[in-house]
Colleague: 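Take a look at this one; I'll ask things after.
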Amino acid sequence: KYRNPQGETKFIKTVISYLTKQHKITIIDGGYNKCEWTNDIIKYATPINIFAYELSRNTYMKYKDNYESSQINVNILHKGLYSKNTNIKLRESHVDADQGYNLFEYLYDSNEQNKKKMKTKDAKEKKVVNLVELVKLEDDIQNYKNEISSTKLIVKLDVEGSEYEALLGMKSLFQHD
C-alpha cells in the first residue's frame, strides 16, 4: 500500500549492488513483510548473509522456505527486533499496519482510551493469540558472529513504529573503537 517499488528497486540496483561489489555485505531486513526487499536484494546484489525478521506468523509461514536453494545465506526468522529480549502475546492484526495497529502504540500507548479501543477490537477479533519473541539484534546474531564480523552491515527497518526501539537493540553493532 505504501511501498514505492520503483524507488526501492532503484536504490537496491544502484547503492546496494555497488556496495556488494566493493565489500562483503550482511543485510538485516527488519520487517520483511512480503520479502519484496529481500527478493530485490538477491536479484540485483550479492550479499553474503541476509537476516530477515518478521513478527507476523502468517507471513513467516508463507515465506520461510523460499530461499532453501539460494546461493546466499538467507535466514527467515519469526522474531521482532526490539531493545531487549522478551516475549509478548499478539494477535496477527497487531503486527499489520493495514489493520490500523502500530506495535509501538500497542506496547507503550499511555492513552487509556486508545488502550480500551485496542482491547475492544481484540475482544471482537476471534483470531489466535501468538506468543512472539522480540530480540535485541546484537544478542540474536551472536551465533553468526564469525560469519558477519568481516562484513559491512546494511539495515532496513519497517517495524510498525518501533524503529527507535529496534535501533537501541543494535546500537553496539554501529559503534566503532
Colleague: Nearest 0.5 Å please: distance from the CG atom of D65 over to the CE atom of M61.
Modeller: 8.0 Å
Colleague: If you measure from CG on L134 to CG on N87, what distance do you get to the nearest 0.5 Å?
Modeller: 7.5 Å
Colleague: Please, which pairs that meet ring pair (Phe, Tyr, Trp, His ring centres under 6.0 Å) have at least one residue in residues 151-171, sequence neighbours excluded?
Modeller: none
Colleague: Restricting to non-hydrogen atoms, name the atom on L55 and the atom on H78 that form the minimum distance, rounded to 0.1 Å.
Modeller: O-NE2, 3.0 Å
Colleague: Should I16 and D40 count as side-chain neighbours, where that means a heavy-atom distance under 4.5 Å?
Modeller: no
Colleague: Rounded to the nearest 0.5 Å, what's the gap from CD1 on I154 to CD1 on I27? Could you check?
Modeller: 4.0 Å
Colleague: If you count heavy atoms of other groups shown closer than 6.0 angstrom to NZ of K156, is the number above 12?
Modeller: yes
Colleague: Run the side-chain contact (heavy atoms from CB on, under 4.5 Å) check on L173 and V155 step by step: do they pass?
Modeller: CA-CA 11 Å; L173 300 174; V155 177; over 6 Å; no
Colleague: Taking all heavy atoms of K136 and all of N85, pick out the closest pair and write down the distance.
Modeller: N-OD1, 2.7 Å
Colleague: How long is the span from the CD1 atom in I148 to the CD1 atom in I141, to the nearest 0.5 Å?
Modeller: 3.5 Å
Colleague: Check whether the side chains of Y144 and N73 place a donor and an acceptor atom closer than 3.5 Å, and report yes or no.
Modeller: no
Colleague: Do you know which two heavy atoms are closest between G31 and V159, and how far apart they sit?
Modeller: N-CG1, 4.1 Å
Colleague: If I compare all heavy atoms of L168 with all of S83, which pair ends up nearest, and what's the gap?
Modeller: CB-CB, 3.8 Å
Colleague: Taking all heavy atoms of T38 and all of A52, pick out the closest pair and write down the distance.
Modeller: OG1-CB, 4.2 Å
Colleague: So which of K79, K145, K84 actually passes salt bridge (Lys or Arg N to Asp or Glu O under 4.0 Å) with D140?
Modeller: K79
Colleague: First locate atom CD of E133, then atom OH of Y53, and finally report the distance between them rounded to the nearest 0.5 Å.
Modeller: 9.5 Å
Colleague: Starting at CG of L81, measure out to CD1 of I28 and round the result to the nearest 0.5 Å.
Modeller: 7.5 Å
Colleague: Just checking, any donor-acceptor pair under 3.5 angstrom between side chains of E138 and S172?
Modeller: yes
Colleague: Identify the two heavy atoms, one from I76 and one from Y60, that lie closest to each other, and give their separation to 0.1 Å.
Modeller: O-CE1, 3.5 Å
Colleague: Any side-chain heavy atom of I42 sitting closer than 4.5 Å to one from V74?
Modeller: yes
